[in-house]
Amino acid sequence: MCGIVGFIGNVDAKEILLKGLEKLEYRGYDSAGIAVQTGEGVKVFKEKGRIADLRAIVDAGVVANTGIGHTRWATHGEPSRENAHPHQSTTERFTLVHNGVIENYLQLKREYLVDVSFNSETDTEIIVQLIEKWVNDGLSVEDAFRKTLTLLHGSYALALLDRENDETIFVAKNKSPLLVGLGDTFNVVASDALAMLQVTDQFVELMDKEVVIVTKDSIQIQKLDGEVVERAPFTAELDASDIEKGTYPHYMLKEIDEQPVVMRKIIQAYQDDAGELTIDPEIVATLNMSDRIYIIAAGTSYHAGLVGKEFIEKMAKVPVEVHVASEFAYNTPLLSENPLFIFISQSGETADSRACLVHVKELGHPALTITNVPGSTLSREADFTLLLHAGPEIAVASTKAYTAQLGVLSILAFVTGKARGLDIEIDLVQELGIIANAMEVLCDDKEEVEYIAREYLSVTRNAFFIGRGLDYYVGLEGALKLKEISYIQAEGFAGGELKHGTIALIENGTPVIALATQPKVNLNLRGNVKEVVARGAHACIISMKGLEDEDDRVVLPEVNEVLTPLISVVPLQLLAYYAALHRGCDVDKPRNLAKSVTVE
Ligand code: F6R
């Protein structure tokens, strides 16, 4: 989703801004721009399309030590050069980049800016015009900035340049992530630390409704009323090589291959000195006191939540409901007396989930966030956090974060079950070790999956994924992976449900990918496959050792029945990857999608 960078220092800012924007490309965007302070005012370069298109129009002759940049994922107004950021006020004195959504922008426009002619359809432009209006009315820039912020309803991360003051970047944030980074002779602004790791690993976190006055030698954080806030920097624990593709053609493939290593890291991270799995006792106690768990998440994380429900209900014997975040906040179901909320989010920034968390905290209920990003909004605002230890996930299509979510959820369920004195027969450390090995086997031998992708998915317009029990949930994830990166219309179904309507869509050659890893329903599922094959479907069965039939196309190594989703998803991730590749799609940056969805 949208990204912000800013630099103020003694060296040319252009390349640092462009490189920073390149690091944010993975989040998804449709246009990009930078603005730099020059001796002759602020120069804006912006373009629809990729950063490479922007690079091509940036005037190499312009030298500037201060600038801001932006990648835009359209919300208000189509993707276009006009709607791309930065936006300028009428006199071009002020230049602004903005992440987030201003809900009352039309109202503000009507109330204060009727005489202003606008260049874009964005909500952002009203912010920069308002600042200019208050300055024209006699306010100082700082006061005008602050006054504007008090009028905004919604989410924002902002960086502002003033043509008359090339020694300052004005920054503010509410509900959208934003960091200030520190250097010896410069300072930076970034919506994601990854963007500015090129120059610093020292960052200062900003809280909602804070303003920061950034110069090359100092940063001053203030509350909206002007009160100064002191905050120590933190070191971003990121390895720059984690965010490089290395020898891989795509981040997605690299991240699929990283899954065995991530699984082993998770085992280690959640083991105590005696080698026992352990979770913060406060979390376990809170879970034990709750009469029902509500898992809230979106997309792939929601699919992980569905599997997590099975883990928790089976191992810890606490009832669990799983809800789609965008529905829950505004359509809250009847809650139990002592609920615990678990937010699952790779990025920790998903606005739909955050809206639920705010609501849940207002109701006074405890919340745990399971996330890949320490210090993310959902992590900061929940009572507890469990980390995924998956390393940065750059490809838009989530892969290693999903299996990491399942790994952590299984440990949470196991440790809680043990703490409740339940008789859990499995040795989870050993079982997760077996999972890691099985993942490795699947990642080492991709040929058959590539072949299946070519045979089943090169030209089709649709595909179905079926399974029963846990396999159904994995099928949902397989379908989501396929549609988001290959644009094939794909749906996941419970095997037994097809005959209640959807089977009408089966035609000669319709690909049906069937998962058969659950002993209890293996024969039922195979019966469902027969039903679709009888109607012309081209079926591909992925089963598990011990349950396989002769014609099954992929036979997964044998793992514990409850944990099968951790490995059965791997061929589905690869299937989506190769299908996208064969169809010439941009695997890592699928159209219309953003990595971190920071608008509701
Ligand atoms: C799909 C995908 C999305 C995310 C969803 C939630 O591959 O990545 O469906 O899972 O946008 O994002 P997080 O997990 O960051 O809250």
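When a ligand or atom number is given, it counts from 1 through the structure's own listing order.
No side-chain donor from either of Ser301 and Gln346 sits under 3.5 Å from a side-chain acceptor of the other. A donor-acceptor contact closer than 3.5 angstrom links the side chains of Gln259 and Gln573. Side-chain atoms of Asn372 and His389 include no donor-acceptor pair closer than 3.5 Å.
Nearest protein neighbour of atom 15 (O) of ligand 1, counting heavy atoms only, is Ser347 OG, 2.6 Å. Closest protein heavy atom to atom 14 (O) of ligand 1: Ser301 OG, 2.5 Å. Of the protein's non-hydrogen atoms, Thr300 N, 3.1 Å is the one closest to atom 10 (O) of ligand 1. The protein heavy-atom contact nearest to atom 16 (O) of ligand 1 is Thr350 OG1, 2.4 Å. Looking only at heavy atoms of the protein, atom 6 (C) of ligand 1 is closest to Ala298 O, 3.3 Å. The protein heavy atom nearest to atom 11 (O) of ligand 1 is Val597 CG2, 3.9 Å.
Distances shorter than 4.0 angstrom do not occur between any heavy atom of Ser353 and any atom of ligand 1.
At a 4.0 Å heavy-atom cut-off, ligand 1 does not touch Glu349 at all.
Of the charged side-chain nitrogens involved, at least one lies within less than 4.0 Å of a carboxylate oxygen, so that Glu448 and Arg553 count as a salt-bridged pair. A salt bridge does not link Glu450 to Lys446: none of the charged side-chain nitrogens sits closer than 4.0 Å to a carboxylate oxygen. Taking a cutoff of 4.0 Å between a charged side-chain nitrogen and a carboxylate oxygen, Arg50 and Glu25 do not qualify as a salt bridge. Comment: Glu381 does not engage Lys175 in a salt bridge, judged by the lack of any side-chain N to carboxylate O separation of less than 4.0 angstrom.
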(request) Apply the test side-chain contact (heavy atoms from CB on, under 4.5 Å) to residues Leu480 and His303: give CA-CA distance (whole Å), side-chain angles for both, the deciding distance (0.1 Å), then the verdict. (result) CA-CA 9 Å; Leu480 179 62; His303 294 155; 3.7 Å; yes
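Listed by number with element, the atoms of ligand 1 under 4.0 angstrom from any heavy atom of Ser398 are 7 (O), 8 (O). Counting atoms of ligand 1 from 1 in the listed order, those under 4.0 Å from a heavy atom of Ala397 are 7 (O). Atoms of ligand 1 lying under 4.0 Å from any heavy atom of Val396, numbered from 1 in the order shown and given with element: 7 (O), 8 (O). The Glu484 neighbourhood of ligand 1 comprises atoms 1 (C), 7 (O), with distances under 4.0 Å to a heavy atom of that residue. Residue contact check: Lys481 has heavy atoms under 4.0 Å from atoms 1 (C), 7 (O) of ligand 1.
Every ring-ring contact (aromatic ring centres under 6.0 Å, His included) that Tyr577 has, sequence neighbours left out, goes to His250.
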